[in-house]
Amino acid sequence: MSDIGSTTGAVLAEGMPGIVDDWSADKEAFHVPWGKAMMWIFLLSDTFIFSCFLTSYMNVRMSTTVPWPNPSEVFALTIFGNHMPLILIAIMTFILITSSGTMAMAVNFGYRKDRVKTAILMLATAAFGVSFVGMQAFEWTKLIEDGVRPWGNPFGADQFGATFFMITGFHGLHVTGGVIYLSIIAFKVYRGDYDKSNNYEAVEIAGLYWHFVDLVWVFIFAFFYLW
Amino acid sequence: MAHVALADRGQALSHPHSFITKYVWSQDHKVIAIQYGITAIAVGVVALVLSGIMRLQLGFPDTFSFIQPSEYYQFVTMHGMIMVIYLLTALFLGGFGNYLIPLMVGARDMVFPYLNMLSYWVYLLSVIILMSSFFVTGGPTGAGWTLYPPQAIMFGTPGAEWGIILMLLSLFVFIIAFTMGGLNYVTTVLQARTRGMTLMRMPLSVWGIFTATVLGLLAFPALLVSAIMMTLDRVLGTSFFMPAMVSMGEQTNYDGGSPVLFQHLFWFFGHPEVYIVALPAFGIVSDLLSTHARKNIFGYRMMVWAIVGIGGLSFIVWAHHMYVSGMNPYFGFFFATTTLIIAVPTAIKVYNWVLTLWRGNIHLNTPMLFAIGFIFTFIHGGLTGIFLGNVVVDLPLSDTYFVVAHFHMVMGVSPILVVFGAIYHWYPKITGKMFDATLGKAHFWLTFLGTYSIYLPMHYLGFLGVPRRYFAYEGIDFIPQSALDLNTAITISALFVAVVQIIFFYNMIWSLFKGKQAGSNPWGATTLEWQTPDTPPIHGNWGPELPVVHRWAYDYSVPGAEEDFIPQNVPESEVDKAAS
């Protein structure tokens with residue numbers, strides 16, 4: 001137990017001893033800013049929330065005795081006389097994944113300290129998010145008109161409406177929160193706050209959150225619409 | 001480019017000056033810790049009074065007309081929920097976590113003080129919501145602290161009007177508050193330790209609180225999700241947890257839900273919750289034993305890995321609460337096995353505590369008495385846990401007083417003894433004053449022996465098959481008169497222990513004004529919080545320079561050293577100089 005332990009920047013051993021050394025280093029277990037570490041931990045916690053939601057959904061879907069509605073029929077639209085299953089949700093998913101692309105570009109320009117491009121790309125990401133939530137509102141409206149309610153629906157098991165509104169609603173709240181969050185950070189980028197501190201890490205932290213929300217959507221899409 | 005740790009970058013701390021910013025809307029982790037602590041203890045006193053009323057009914061049935069069956073169930077429910085969540089979780093993590101983490105790892109504050117402040121005020125909101133349920137139509141919920149559906153939300157259960165909604169809302173708000181605080185605690189431990197403070201040099205208190213917070217961040221999501229789903233069942237009429245059933249002669253609108261799903265979600269939270277309460281207690285008690293036995297903790301690394309191992313295992317044992325709920329029998333086999341495996345790291349910890357005491361220079365100070373008392377109650381409660389972890393033993397014992405005795409010993413009395421021990425231990429640092437040791441020791445002996453006289457007889461009641469959560473036991477053939485007499489005796493002990501706590505409050509308040517000056521390190525402890533330049537520590541904790549750590553937290557009675565302890569921030573060169 002003699003003098004100061006490993007110092008940062010020193011050459012680390014390889015393999016498992018290296019991981020142990022790194023983790024038992026003083027000051028910082030991960031060489032990232034505090035905010036970024038905290039965001040990762042929050043997202044881990046949030047992952048458990050969505051996992052619980054999706055596991056509960058799978059549980060009720062498998063245990064209900066009434067047949068589950070066929071998602072490709074329920075989520076079909078008729079456009080110009082063509083009956084197209086899952087078309088709206090395909091567009092929504094495409095938009096959300098595109099927004100992840102613009103977000104990644106914003107982070108890239110943030111690293112280059114390009115104030116204007118970063119702000120524009122973040123606003124574009126937020127705009128994609130708004131259109132996603134808008135289409136979700138449209139989808140909800142259509143389902144409600146078709147008679148789907150949280151407590152029952154004409155197509156099959158009661159739990160269909162309950163899980164659908166709960167899980168997509170909870171995800172939609174995450175997207176809405178993300179839009180607000182991105183807009184605030186974009187405004188601060190544009191105002192030059194991060195040029196003054198010479199530190200664009202807030203952009204990347206917001207990006208982490210946004211990518212997470214997109215990733216969760218992929219799971220919701222797979223388990224809810226494609227199953 | 002070498003990475004510069006954030007803790008080393010010059011960051012201006014603005015020191016608040018007005019009374020409001022200093023003591024009310026404070027961002028100082030020490031003030032927030034005291035706010036958390038006082039609120040948690042205040043709400044805990046409410047729960048203590050509720051338990052006293054319950055015991056009055058059980059000990060002297062038909063004597064008190066103000067205790068009707070529905071009120072009795074409401075008191076049972078509120079007592080359990082308040083004690084587990086709003087007292088113990090909030091006190092260990094929000095109270096001790098907030099106070100000790102930055103001081104023990106050598107940080108100036110939590111990494112995000114503003115978020116930390118919000119955490120307290122949102123917690124206070126959750127407490128207010130919970131307490132408001134006493135004043136709404138129908139009163140608080142009487143569903144039992146486990147809130148099992150369908151009965152929790154069916155009319156006929158007390159508090160089905162508003163109580164259950166407010167309870168779920170309060171839990172929801174509490175989880176938000178906990179998450180804001182918990183993210184801070186974890187990030188501070190991982191990222192803001194001072195120079196030299198490696199993870200394997202941290203005091204075990206920090207390890208316990210840190211691991212418990214990680215458990216909380218991963219376990220509370222399950223409670224959040226089940227609270228949301230049950231709220232929807234109650235308010236919107238969804239059927240997540242509600243099967244088709246007939247209530248009061250009428251078919252309800254519910255159809256096809258799964259009550260067992262709730263139990264799985266609840267206990268996926270509920271079992272880690274036991275360790276959220278227990279792990280900080282494990283950590284703190286290790287530090288108390290080592291300090292007051294003037295001896296290094298036995299097997300430090302093993303203690304750390306035991307804490308982490310117990311934390312990991314606690315996520316795969318939850319269904320041992322559900323042996324009688326109707327599961328596939330193979331589940332019982334799996335969960336009994338994992339449950340019994342937990343006994344291994346737990347036993348390692350107990351052996352290490354005892355071996356720490358062995359041939360130590362034991363000072364029976366008040367905190368030490370509580371720490372040793374904890375070892376007794378914890379072994380006791382732990383052993384009955386092994387009974388209940390086995391399916392075949394659990395089946396006849398479940399829902400009897402044996403279960404009540406078990407969990408009160410292991411997660412009621414044991415953590416509370418540590419809470420008292422910790423308050424006495426750190427009181428001189430928090431207030432700068434010394435408490436009255438005679439009163440403290442009296443408080444210990446009366447509480448320790450008193451709680452034993454409450455819970456030891458309950459094991460016998462459990463073996464007799466006396467069911468828990470009953471309002472009255474008269475006229476039940478298999479319950480003999482002697483069991484009813486025993487209930488009266490338990491009630492007298494319980495009321496006695498409750499009243500005895502006045503000694504504690506009197507001691508704390510009296511010492512605050514009249515206590516002797518404690519000095520900066522009255523126990524001769526090695527950890528960083530005792531090495532602060534000011535007592536009580538001021539905002540920012542340290543002087544202009546952060547302390548530098550040169551050793552682990554347990555250098556007690558080192559041969560050749562000048563004193564019988566070497567603080568963590570004393571370099572090797574000074575020890576050599578003193579020795580030569």
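Labels below follow one simple rule: chain letters A, B, ... track the order of the sequence lines, proteins then strands, and each chain is numbered from 1.
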Exercise for the section: Compute the centroid of each ring, for A:F50 and then for A:F219, and state whether the two points are separated by less than 6.0 Å. Expected result: no

Problem - Close side-chain approach of A:H174 to A:V216, heavy-atom, < 4.5 Å - result: no

Practice task
Can you tell which part of B:D233 gets under 4.5 Å to a heavy atom of chain A, answering side chain, backbone, both or neither?
Solution key: neither

Practice task
Give the member of B:A107, B:A219, B:P221, B:S258 that has the highest number of heavy-atom pairs under 4.5 Å with chain A.
Solution key: B:P221

Practice task
Against chain B, label A:S56 side chain, backbone, both or neither, depending on which of its atoms sit under 4.5 Å from a heavy atom there.
Solution key: both

Practice task
May I ask you to check whether A:F109 and A:Y200 place their ring centres under 6.0 Å from each other?
Solution key: no

Practice task
Assess the pair A:W40 and A:F30: is the distance between their ring centroids shorter than 6.0 Å?
Solution key: no

Practice task
Please state whether the side chain, the backbone, both or neither of B:F241 comes within less than 4.5 Å of a heavy atom of chain A.
Solution key: neither

Handout entry: Contacting moiety of A:T163, where chain B heavy atoms sit under 4.5 Å
Key = both

Problem - Side chains of B:W318 and B:F269 in contact at under 4.5 Å (non-hydrogen atoms) - result: no

Exercise for the section: Check whether NZ of the Lys or CZ of the Arg A:R115 lies under 6.0 Å from the centre of the six-membered ring of A:Y194 and within 45 degrees of that ring's axis. Expected result: no

Practice task
Select one option (side chain, backbone, both, neither) describing which atoms of B:L232 are under 4.5 Å from chain A's heavy atoms.
Solution key: side chain

Completion exercise
One option among B:T179, B:L183, B:D255, B:V186 has the most heavy-atom pairs under 4.5 Å with chain A, and it is B:L183

Problem - Heavy-atom proximity to chain A below 4.5 Å, by part of B:L265 - result: side chain

Problem - Heavy-atom proximity to chain B below 4.5 Å, by part of A:F165 - result: neither

Exercise for the section: If the plane angle is over 60° it's perpendicular, under 30° parallel, otherwise tilted; pick one for A:Y209 and A:Y181. Expected result: perpendicular

